[in-house]
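All values below come from the heavy atoms of this structure, side chains included, with hydrogens, waters and symmetry mates left out. Chain letters run A, B, ... following the sequence lines, proteins first, then strands; residues in each count from 1. Keep in mind the model is a prediction, meaning the values are calculated, not measured.
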4 protein chains.
Amino acid sequence: MLNKVILIGRLTRDPELRYTQSGVALATFTLAVDRPFTSNSGEREADFIRVVTWRKLAEVCANNLGKGRLVAVEGRIQVRSYQDQEGQNKIMTEVVGENVRFLDWPKDGQQNQQNQQNQQQGPGEQKSNDEPDWGQQVPPDDVPF
Amino acid sequence: MLNKVILIGRLTRDPELRYTQSGVALATFTLAVDRPFTSNSGEREADFIRVVTWRKLAEVCANNLGKGRLVAVEGRIQVRSYQDQEGQNKIMTEVVGENVRFLDWPKDGQQNQQNQQNQQQGPGEQKSNDEPDWGQQVPPDDVPF
Amino acid sequence: MLNKVILIGRLTRDPELRYTQSGVALATFTLAVDRPFTSNSGEREADFIRVVTWRKLAEVCANNLGKGRLVAVEGRIQVRSYQDQEGQNKIMTEVVGENVRFLDWPKDGQQNQQNQQNQQQGPGEQKSNDEPDWGQQVPPDDVPF
Amino acid sequence: MLNKVILIGRLTRDPELRYTQSGVALATFTLAVDRPFTSNSGEREADFIRVVTWRKLAEVCANNLGKGRLVAVEGRIQVRSYQDQEGQNKIMTEVVGENVRFLDWPKDGQQNQQNQQNQQQGPGEQKSNDEPDWGQQVPPDDVPF
DNA sequence: TTTT
DNA sequence: TTTT
């Protein structure tokens, strides 16, 4: 009945922009969210959380964000089952971002590079890694973007 | 840097109470969180989200909650990698519950049944499904329960 | 840049339904939100937090909620300055509810009473207590209801 | 039963560090939280929200934050009644910050200035503006700092 | 795998 | 697989 997530973290890589078969844009990226107290070990610990945004927001993210950028994401947890490339049933948990705030600014030169790279990716292309087939995904209709 | 989740939903089953090898209690359960607008299809849609609680809160959950109960959970998203029983690397995403509010009351008789069942489960027992080995898990030290 | 509130509590009274001069509906009510640990004193402690909802959501609240009902409210904090009836500048802080979930069901008879009372209040009426003049208020245009 | 606030915004002034009569530290500051869409007017709109932190966190805030700094605050809404200097009953609404994240870095020179100013303020001092008498306040005992 |  |  209520499903609310707020994350602040840094992108581990540039976002990936894709399109469903019906032409709806979606962007995916992973946030590294540092945990508060990592007192016992000396190491830095973080959760790596997948985020997906849709439509206009997807394009804004793809064209303006890049690796290392600090953002706040408001959204909800989504659990999806899908079949991987060997036909195995798998479960994917991710955050559907409904609102993304940019909390820092790109370093010099980073921005343009960003734009180019993402604009080269056309509708229908699909990376061949172990992911749900986004082309088949049906976008949420309750996200007002 | 910030990782905050708030869920309201119903337990799909009774919680399971376990113990790590060092004797720390943990309870796991799944919440069915209904999505707001399921307008297009006639079906009821929900996300099924795993929750884990630790220590005293785990015992309170195991002893007081059961299938169908309505709760609010405040916590954070945790992403863990583990090896399943065939030695495959897998990823498990779940919500670490730091605060659980009971929003309704048990139906008649449900309560006691609940208690008994959970008290029969002793430390060290492990269900043989495809889950991380909780006995090996190290409990979070930043959860004040 | 981010302003997010989630409350779970009970209505202290029936909601009040009003209209701005331009005819937009708004409902106001106060939530009693019990504090978690009131260990030191024996008394029950709560925060009493004003909530305002707009448009369709205002009508849904006014027609379905009543004193004592348990709800979850998602929204944002709004701080407004206004002049009271003696012309003094005052500040009002309240939560603008963007999403309201009903967490229990009305007791017998409570529901209809509710409906009648709220439907008797027509547009333009104003209670003469120490409140901002809602007739003058401009509704938020970023709330999608 | 649940009272959760997450804010991201900038301090409008340096924090003020005070002490209750029993010697407990508290810091107060105001956050300017920009609203998302200010489309209709050309002006920049924000909510100005008071935050109070206690104990160790109060000192960390006072010693490290200053005007203009960007922070994320997690906390809860608190509504208090108090008497102003003319003996009038008033209500103060503010956010009790339980967790504060610094999202940017101080500009050159800003930091030290900050430190000095706050260290000059001793226990028991009280600004004579229209505020609740913090010396009389009893600190929350459910905040683990 | 799933709750009301 | 990972960010500063």
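- Of all nucleotides listed (F:dT3, E:dT2, F:dT1), E:dT2 comes nearest to the side chain of B:Thr30.
- If you check distances only, the side chain of A:Asp104 never reaches the base of F:dT4 with a donor-acceptor pair under 3.5 Å.
- Remark: P of F:dT1 and CE of A:Met92 are 13 Å apart, rounded to the nearest angstrom.
- The distance from atom CG of B:Leu70 to atom P of E:dT4 is 11 Å, rounded to the nearest whole Å.
- Rounded to an integer number of Å, the gap from B:Leu103 CG to E:dT4 P is 15 Å.
- Among the nucleotides E:dT4, E:dT2, F:dT3, the one closest to any side-chain atom of A:Asp34 is F:dT3.
- Comparing E:dT3, F:dT3, F:dT1 by their nearest atom to the side chain of A:Lys67 picks out F:dT3.
- Between E:dT4, F:dT1, E:dT3, one nucleotide has an atom nearer to the side chain of B:Lys107 than all others, and that is E:dT4.
- Looking at B:Arg18, B:Glu16, B:Glu94, B:Arg50 one by one, the single match for side-chain hydrogen bond (donor to acceptor under 3.5 Å, both in side chains) with B:Thr28 turns out to be B:Arg18.
- The interatomic distance linking A:Leu65 (CG) with F:dT2 (P) rounds to 21 Å, in whole Å.
- Put simply, CD1 on B:Ile49 is 16 Å from P on E:dT1, counting in whole angstrom units.
- Across the protein-nucleic acid pair, A:Leu7 atom CG and F:dT3 atom P stand 18 Å apart, rounded to whole Å.
- Side chain of B:Asn3 to main chain of B:Ile77: a donor-acceptor pair is present (N/O by atom type, distance under 3.5 Å, no hydrogens or angles).
- The aromatic ring of A:Phe48 does not sit over the base of F:dT1; the criterion of centres under 5.5 Å apart with planes under 30° is not met.
- The two atoms that bring A:Ala72 and A:Ile8 nearest to each other are CB-CG1, 3.9 Å, heavy atoms only.
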For side chain to side chain contact (heavy atoms under 4.5 Å, CB included), just list the numbers for A:Val79 and B:Phe48, CA-CA rounded to whole Å, side-chain angles, deciding distance to a tenth of an Å, and then say yes or no. CA-CA 7 Å; A:Val79 181; B:Phe48 296 95; 5.7 Å; no
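- Taking atom CZ of residue A:Arg69 and atom P of nucleotide F:dT4, one finds them 12 Å apart after rounding to whole Å.
- Rounded to whole angstrom, the span from the CG atom of B:Leu11 across to the P atom of E:dT2 amounts to 16 Å.
- Contact between D:Phe29 and D:Pro15 at its shortest, heavy atoms only, is CB-CA, 4.0 Å.
- The nucleotide whose nearest atom lies closest to any side-chain atom of B:Thr12 is, among F:dT1, F:dT2, E:dT2, E:dT2.
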